Amino acid sequence: MPTNFRLITIPVSHYSEKARWALDYLKVPFQELAHMPPFHRGATKKYGGTSVPVLVTATGVATDSTDILRYLDRLYPEKLYPAEPELQLLSMELENLFNRTLGVHTRRWGYSYILTPKLLYPRWTLGVPFWEKLLFPVIFPKVGSIVRQSFDITETSAAESYQEITGVFDRVSHTLSDGRKYLLGERFSAIDITFAALAAPILQPPEHHIPPPSLELMPDRMQVDIRNCRATPAGEFGLRLYRDNRYY
Ligand SMILES: N[C@@H](CCC(=O)N[C@@H](CS)C(=O)NCC(=O)O)C(=O)O
């Protein structure tokens with residue numbers, strides 16, 4: 001069994017949270033190496049990664065959150081992915097939908113509201129080296145504008161991304177409408193982790209490792225979107241997963 005697991009993250013990154021959750025769930029001891037943008041680039045580059053999370057072990061490196069979950073699934077007896085052929089299709093369809101649509105749009109929606117030094121500081125600096133923290137005020141103007149550009153943050157981006165998010169939530173609510181406990185049936189899986197971790201920016205679960213501020217401190221429209229998403233069956237499900245299945 002490889003030892004010395006290290007997970008390179010950006011504290012607020014929900015794809016990092018997906019990998020962190022899988023490691024915690026499997027009770028794998030690991031060291032988190034959190035970095036503030038753009039310093040994550042230096043940390044990931046030497047392992048061939050361009051984004052976070054990156055998992056480094058004594059025997060290998062995984063530079064994508066889904067690759068990390070698949071790697072852990074191969075390594076440990078407790079299974080994250082279903083073995084049943086009849087579940088493979090739904091598993092793949094939902095995983096792709098969450099990775100490619102939900103994660104992309106919860107991030108764009110979130111950054112549309114929180115791209116201010118005050119709101120971003122705790123989300124980018126929790127657990128990072130102290131000298132990165134010190135540099136936050138210096139790098140924020142430049143990195144903030146790169147984030148604005150690369151995620152296409154505009155006057156209308158929050159509303160556009162909210163539409164995409166509600167489309168995914170509808171799909172999840174529909175899947176759960178037959179009374180199943182988890183997305184693939186009665187057993188908790190990587191697909192549940194992927195949904196809840198990537199939905200976390202718009203659900204703001206109290207159990208998240210970055211404790212959410214009270215809703216009243218958030219911009220008004222952001223509060224409305226969070227309350228609306230929380231009230232859906234998919235939203236209640238994501239919050240329940242954090243309450244019942246997010247072990248630290
Ligand atoms: N497909 C990747 C996506 C990861 C991703 O988008 N990570 C973002 C943080 S949430 C990131 O590293 N952004 C900074 C960058 O790309 O330099 C995965 O699932 O690991």
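Just so you know, these numbers come straight off a predicted model, no measurement behind them. Read the numbers this way: they start at 1 and go in the same order the structure lists the ligands and their atoms. Hydrogens, waters and symmetry mates play no part in the numbers below; they use all other heavy atoms, side chains included.
- In this structure, the side chain of Ser173 does not engage the main chain of Asp170 through any donor-acceptor pair within 3.5 Å.
- Trp21 has its ring centre less than 6.0 Å from the ring centre of Tyr242.
- A 6.0 Å sphere centred on CD of Glu84 holds more than 12 heavy atoms belonging to other residues, nucleotides or ligands.
- Taking the side-chain contact (heavy atoms from CB on, under 4.5 Å) definition, one finds that Arg240 meets it with Lys181, Tyr182, Phe237, Arg243, Asp244, sequence neighbours left out.
- The closest donor-acceptor contact from the side chain of Thr194 to the backbone of Ala190 lies under 3.5 Å.
- A cation-pi arrangement, defined by a distance under 6.0 Å to the six-membered ring centre and an angle within 45 degrees of its axis, is present between Arg70 and Tyr81.
- Near ligand 1, residues Ser13, His14, Tyr15, His40, Arg41, Thr50, Ser51, Val52, Pro53, Asp64, Ser65, Arg107 come within 4.0 angstrom through at least one heavy atom.
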